[in-house]
Amino acid sequence: MFKEKEGFKYAMPAHFGGGKFDPDAKIIQNAMGLSISYETDRDLLEKFIPEGFELLKPQVDVTFNKFTQINWMYGGQYNLINVSAPVRFHGNKDELDGDYTLVVWENRTAPILGGREETGIPKIFADIEDLHILKPHYATTVSYEGNTFLNMNFESTEKVEGEDLERLKSQFKTINTLGWRYIPKVGAPGADLNQFILYPQGLELEKAQLGKGDLKWTELTPMQNPAQYHIINSLASLPKKKITQTALIEGKAILRAMAARIIE
């Protein structure tokens, strides 16, 4: 009969086997990202920030990433949309600044499953277009079953070089990604697991461009996206007061999933 091995890591369906846990394992992948940040209403944004966190500024950060040459996917690739807000966590043991993940959309199943179950990142599925590029213009769209709910557009105006690039490299070297690992009970209200997670990440930045960018959220109906419309419409309800930063970056993402930990 199947029996778990000590020191092994498993994922469902566990009975087909797992692998030895390696705390030093790293996810390494090439990354091309388009990031657009905007100021919004503090009170409205705080409705989506759990108790125990302090919103550092009323800002929503939306980032498109195309990941390629991924080591654990044996050279595979996927696209991602990450939506987060800058926070400080005040716990009984831990106090740290980071990016609280509101939602992540990805267009492949494998990274969704690992991110949700193992590191508490709220990942869900969407169709995410590769960047459409006609330099200096870049654009992407995100949809579900043919219904577009996010458009991102960027026009590059300057390359980041010299000391400014070195400053950006230092900024991206360590990223505290914070998630809420919420696993509901079976056949009952409430949660079997209810934990805040630190998922340490970083980016070895190689190139960066600044420019003018904008994005548009489009509300969907339950018929158009029954499982996600409330998420999309909640983000669409946040006023976009002004764009605070737009950037196009390239480099190598280093994700330390096995070094993720519960924060308290």
Side-chain angles (χ1 to χ4, degrees), residues 4-5 7-35 61-84 98-99 101-133 138-145 150 152 169 172-181 183 197-208 227-228 248-261:
E4 290 183 61
K5 295 181 180 179
F8 269 54
K9 179 180 174 59
Y10 296 88
M12 294 196 303
H15 46 255
F16 288 110
K20 199 163 186 179
F21 178 76
D22 179 4
D24 299 318
K26 297 178 181 178
I27 297 171
I28 302 173
Q29 51 204 17
N30 288 350
M32 182 176 187
L34 170 58
S35 179
D61 301 312
V62 182
T63 301
F64 162 90
N65 264 305
K66 182 175 185 65
F67 294 129
T68 60
Q69 301 181 47
I70 303 168
N71 61 344
W72 71 273
M73 292 179 72
Y74 291 86
Q77 62 183 37
Y78 66 93
N79 294 345
L80 166 155
I81 295 288
N82 184 91
V83 185
S84 64
D99 300 316
T101 310
L102 295 168
V103 64
V104 172
W105 281 278
E106 292 177 340
N107 65 345
R108 293 288 186 274
T109 301
I112 291 176
L113 295 180
R116 286 176 67 97
E117 295 179 4
E118 297 174 19
T119 54
I121 305 300
K123 298 185 174 187
I124 54 181
F125 176 82
D127 293 304
I128 305 169
E129 287 283 322
D130 288 345
L131 282 179
H132 292 221
I133 303 173
Y138 300 77
T140 187
T141 58
V142 188
S143 63
Y144 182 84
E145 294 187 350
L150 176 62
M152 298 180 71
K169 285 182 179 180
F172 281 101
K173 191 172 183 179
T174 301
I175 302 169
N176 288 336
T177 298
L178 304 174
W180 184 3
R181 190 177 184 221
I183 307 297
I197 306 291
L198 167 64
Y199 184 178
Q201 306 181 12
L203 179 71
E204 294 179 357
L205 185 66
E206 297 169 359
K207 300 177 183 177
Q228 302 178 9
L248 185 73
I249 58 175
E250 296 180 55
K252 192 178 296 293
I254 311 295
L255 314 181
R256 300 181 60 225
M258 299 305 104
R261 65 178 180 88

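Hydrogens, waters and symmetry mates play no part in the numbers below; they use all other heavy atoms, side chains included.
Remark: L205 CG to K169 NZ distance equals 7.0 Å, nearest 0.5 Å. Atoms CE and CD1, on M73 and I27 in that order, are 10.5 Å from each other to the nearest 0.5 Å. The distance from the CZ atom of R116 to the CZ atom of R181 is 12.0 Å, given to the nearest 0.5 Å. Atoms NZ and CE, on K66 and M32 in that order, are 10.0 Å from each other to the nearest 0.5 Å. Between the CG atom in N30 and the CG atom in N65 there is a gap of 11.5 Å [rounded to 0.5 Å]. Note: L113 CG to R108 CZ = 13.5 Å, rounded to the nearest 0.5 Å.
Using a 4.5 Å heavy-atom threshold, the side chains of E118 and M258 count as touching. Considering only heavy atoms from C-beta on, P200 stays 4.5 Å or farther from T174 through its side chain.
Across all non-hydrogen atoms, the minimal contact from A110 to W72 is CB-CH2, 3.7 Å. Across V142 and A126, no two heavy atoms sit closer than the pair CG1-CB, 3.8 Å. Heavy atoms only, all atoms of each residue included: Y10 and K5 are closest at OH-N, 2.8 Å. Across all non-hydrogen atoms, the minimal contact from N71 to K26 is ND2-O, 3.0 Å.
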Audit row: T140, N79, side chain to side chain contact (heavy atoms under 4.5 Å, CB included) steps and yes/no: CA-CA 11 Å; T140 187; N79 294 345; over 6 Å; no
Stepwise side chain to side chain contact (heavy atoms under 4.5 Å, CB included) test for I81 and M152: CA-CA 10 Å; I81 295 288; M152 298 180 71; 4.0 Å; yes
Test side chain to side chain contact (heavy atoms under 4.5 Å, CB included) applied to L131 and L248, step by step: CA-CA 11 Å; L131 282 179; L248 185 73; 4.0 Å; yes
Worked check of side chain to side chain contact (heavy atoms under 4.5 Å, CB included) between I249 and F172: CA-CA 10 Å; I249 58 175; F172 281 101; 4.1 Å; yes
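Of the possible donor and acceptor atoms, none in the side chain of S84 sits under 3.5 Å from a partner among the backbone N and O of L102.
Looking at F64, F125, F67 one by one, the single match for ring pair (Phe, Tyr, Trp, His ring centres under 6.0 Å) with Y78 turns out to be F67.
Note on residues 119-128: pairs passing side chain to side chain donor-acceptor pair (under 3.5 Å), not counting sequence neighbours, are E106-K123.
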